[in-house]
Amino acid sequence: MIKTTVKKLLVSLEIGTSKTSVLVGEILSDDIINIIGVGICPSRGVDKGGVNNLESVVKCTQIAIQQAELMSNYRIYSVCLALSGKHISCQNETGMVPISEEEVTYDDIDNVIYTAKSVKIRDEYKILHVIPQEFTIDYQEGIKNPLGLSGIRMQVKVHLITCHNDMAKNIVKAVEQCGLRVDKLIYSGLATSYSVLTEDERELGACVVDIGGGTMDLSIYTAGALRHIKVIPYAGNIVTNDIAYAFSIPPINAEAIKIRHGCAISSKINKDEFIEIASLGGRPSRSLQRQTLAEVIEPRYTELLSLVNEEILNLQKQLRQQYIKHHLAAGVILTGGAAQIDGLVECAQRVFHTQVRIGIPINITGLTDYAQKPYYSTSVGLLHYGKKSHIGNDFETEKKISITNRLIKIANWLKKEF
């Protein structure tokens with residue numbers, strides 16, 4: 001029998017173009033999450049972050065949820081849900097307020113952030129995230145946490161991530177039809193950065209690229225702050241389709257060949273290496289030179305990474321003009337299911353001319369054999385993001401309880417006095 005949990009558990013749900021994945025994580029101390037349940041199902045009804053068949057999405061989600069429940073032995077009621085798609089966009093805004101008391105309070109921080117996000121956004125869009133970049137108090141710039149500091153005026157720069165209302169509603173509707181509640185709706189690229197990026201890399205400047213089946217999700221950090229996000233609606237499936245057309249094989253076989261035998265640098269492959277590939281229509285299998293396969297894969301990966309590089313160069317130009325740190329000293333971190341191909345790091349270094357590494361989820365324990373893979377980076381990141389929100393909610397609850405207790409004590413004291 002599946003138990004009802006009393007532990008501090010979080011559940012992540014990622015409904016991607018290629019896979020639907022669920023992770024159940026127990027919140028531990030020291031930023032560690034213990035993975036106790038995993039569920040995965042090939043996706044149907046989703047393309048490039050958009051729902052095109054609601055019934056199929058519901059079925060895939062139910063299968064992944066049931067697997068995670070059986071493995072964790074806990075009933076799942078709510079999830080942190082990832083959202084991607086080319087409809088997601090960003091903008092940087094500024095807000096300013098006078099400091100109400102002699103020093104900055106939580107209310108002042110809330111007010112200045114509210115001012116910054118009170119801007120006109122595109123019709124039919126809504127704000128998904130408001131992420132502070134840095135604060136300024138009078139003439140002191142670059143403040144990360146202004147609480148308790150003295151001054152007259154406070155300014156904040158924030159990064160707004162927006163999404164299309166209907167796109168968000170459709171994927172939430174699919175989850176709710178499974179009898180689940182969506183606790184948090186999170187841009188998948190932001191979640192991924194929580195999973196694979198360290199604080200040092202944020203400070204030095206880094207770009208996280210989650211290469212999925214249908215989209216590439218970018219998150220670019222400099223000086224410890226998120227500066228830019230982008231969803232590029234081309235990714236691993238483009239490479240799979242090229243293989244399928246080039247060698248006249250079904251896409252499902254092309255995907256398997258890409259994963260097992262693919263390489264993003266053709267010069268790495270020995271000309272004497274051959275692989276067996278299936279043929280269409282029941283014809284006998286054929287022998288294929290592995291280097292020929294790499295010659296199909298390499299230009300497409302180079303093209304995909306060049307799209308990312310173009311975004312990086314455009315942002316760096318903007319940051320230079322604003323006198324903001326623009327260097328990506330920590331380089332580029334590639335992750336996601338399509339980042340597991342052999343030779344990708346070398347291919348990426350040729351494009352970006354900087355250091356590159358493959359990102360895997362960090363700060364997890366438990367079922368690491370399952371979850372510590374690049375294709376689980378977003379799912380693990382959802383848990384880390386949810387944990388920070390959970391702690392914040394606990395703090396707010398404790399603060400409210402504390403205030404209530406003080407008011408009760410004051411009321412009791414007044415009754416005694418009068």
> Could you walk me through whether I99 and V97 pass the side chain to side chain contact (heavy atoms under 4.5 Å, CB included) check?
Replying inline: CA-CA 6 Å; I99 297 171; V97 296; 5.9 Å; no
>> I'd like to know whether V356 forms a side chain to side chain contact (heavy atoms under 4.5 Å, CB included) with L334, so could you lay out the CA-CA distance, the side-chain angles of the two residues, the decisive distance to 0.1 Å, and finally the verdict.
In response: CA-CA 7 Å; V356 178; L334 303 176; 3.8 Å; yes
>> side-chain hydrogen bond (donor to acceptor under 3.5 Å, both in side chains) for Y221 and S193? Distances and angles first, verdict last.
In response: CA-CA 10 Å; Y221 291 80; S193 66; 2.7 Å; yes
>> Could you walk me through whether T335 and D210 satisfy the side-chain hydrogen bond (donor to acceptor under 3.5 Å, both in side chains) test, starting with their C-alpha distance in whole Å, then the side-chain angles of each, then the deciding distance to 0.1 Å, before giving a yes or no?
In response: CA-CA 5 Å; T335 192; D210 184 351; 5.5 Å; no
> How far apart are the C-alpha atoms of N170 and L54, what are their side-chain angles, what is the distance that settles it, and do they pass the side chain to side chain contact (heavy atoms under 4.5 Å, CB included) test?
Replying inline: CA-CA 8 Å; N170 286 336; L54 187 63; 5.8 Å; no
>> Go through it in stages, so that I can follow the logic: the residues are I277 and L293, the test is side chain to side chain contact (heavy atoms under 4.5 Å, CB included), and I'd like the CA-CA distance, side-chain angles, deciding distance and then a yes or no.
In response: CA-CA 11 Å; I277 63 170; L293 174 65; over 6 Å; no
>> For S150 and E102: C-alpha separation, side-chain torsions, deciding distance, then whether side-chain hydrogen bond (donor to acceptor under 3.5 Å, both in side chains) applies.
In response: CA-CA 6 Å; S150 299; E102 291 183 358; over 6 Å; no
> Taking it one step at a time, do T61 and T20 satisfy side-chain hydrogen bond (donor to acceptor under 3.5 Å, both in side chains)?
Replying inline: CA-CA 6 Å; T61 303; T20 298; 5.0 Å; no
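Side-chain contact, T136 with E141: no donor N or O sits under 3.5 Å from an acceptor N or O. With 3.5 Å as the limit, one finds a donor-acceptor pair spanning the side chains of S100 and D108.
I360 is not listed as a side-chain neighbour of V196, based on a closest heavy-atom distance of 4.5 Å or more. Side-chain atoms of S188 and L83, non-hydrogen and from C-beta on, never get closer than 4.5 Å to each other. With contacts defined as side-chain heavy-atom distances shorter than 4.5 Å, the pair L382/L13 does not qualify. With a 4.5 Å cut-off on side-chain heavy atoms, K258 and I341 count as touching. Counting heavy atoms from C-beta outward, Y301 and V239 have side chains that approach closer than 4.5 Å.
Heavy-atom contacts from other residues, nucleotides or ligands closer than 6.0 Å to CD of E273 number more than 12. Enclosure of atom CZ in R153 is not indicated, since only 12 or fewer non-hydrogen atoms of other residues, nucleotides or ligands lie within 6.0 angstrom. A 6.0 Å sphere centred on CZ of F274 holds more than 12 heavy atoms belonging to other residues, nucleotides or ligands. Within a 6.0 Å sphere centred on NZ of K373, heavy atoms belonging to other residues, nucleotides or ligands number 12 at most. Crowding of Y125 atom OH: a count of heavy atoms from other residues, nucleotides or ligands under 6.0 Å exceeding 12. Sparse packing is recorded around CG of D369, with 12 or fewer heavy atoms of other residues, nucleotides or ligands lying under 6.0 Å away.
The two residues P233 and V231 have their closest heavy-atom pair at CD-O, 3.7 Å. Nearest approach of I297 to G262, heavy atoms of both residues: CD1-CA, 3.6 Å. Considering all non-hydrogen atoms of both residues, V57 and G45 come closest at CG2-O, 3.4 Å. Counting all heavy atoms, side chain and backbone alike, I333 lies closest to A206 at CD1-CB, 3.8 Å. Residues C80 and I186 share a closest heavy-atom pair of CB-CD1, 4.1 Å. Contact between N34 and G366 at its shortest, heavy atoms only, is OD1-CA, 3.1 Å.
For Q355 (side chain) and V332 (main-chain N/O), no donor-acceptor pair under 3.5 Å exists by modelled atom type. Here the side chain of E134 pairs no donor or acceptor atom with the backbone of K144 at under 3.5 angstrom. Judged by distance alone, the side chain of K387 and the main-chain N or O of L28 form a donor-acceptor pair under 3.5 Å. Using modelled atom types, one side-chain atom of S43 and one backbone atom of G16 make a donor-acceptor pair closer than 3.5 Å. Although no hydrogens or angles enter the test, the distance criterion places a donor-acceptor pair under 3.5 Å between the side chain of Q316 and the main chain of H326. E93 places no side-chain N or O within 3.5 Å of a backbone atom of S118 that could act as its donor or acceptor partner. When atom types are taken as modelled, the side chain of E26 and the backbone of K8 share no donor-acceptor pair closer than 3.5 angstrom. The backbone N or O of P374 lies less than 3.5 Å from a partner atom in the side chain of S377, making a donor-acceptor pair. Q140 contributes no side-chain N or O that, together with a main-chain N or O of I137, makes up a donor-acceptor pair within less than 3.5 Å. Distance alone, capped at 3.5 Å, places no donor-acceptor pair between the K19 side chain and the P42 backbone.
For Y385 and H129, the distance between ring centers is under 6.0 angstrom.
Here the CD1 atom belonging to I35 is positioned 5.0 Å from the CD1 atom belonging to I364, to the nearest 0.5 angstrom.
Salt bridge K230/D217: absent, no basic N to carboxylate O contact under 4.0 Å. In this structure, E298 pairs ionically with R350, as a charged nitrogen and a carboxylate oxygen lie closer than 4.0 Å. R181 has no carboxylate O lying under 4.0 Å from a charged side-chain N of E176, or vice versa, which leaves the two without a salt bridge. The residues D47 and R44 are annotated as not salt-bridged, no charged nitrogen and carboxylate oxygen being separated by less than 4.0 angstrom.
Note that R357 lies outside the cation-pi zone of F352, set by a 6.0 Å cut-off to the ring centre and a 45° limit from the axis.
Of the listed residues (E203, R202, H228, R227), just one forms a side chain to side chain donor-acceptor pair (under 3.5 Å) with T222, and that residue is R227. With I36 as reference, V24 is the one residue of N73, L23, V24 to meet the side chain to side chain contact (heavy atoms under 4.5 Å, CB included) rule.
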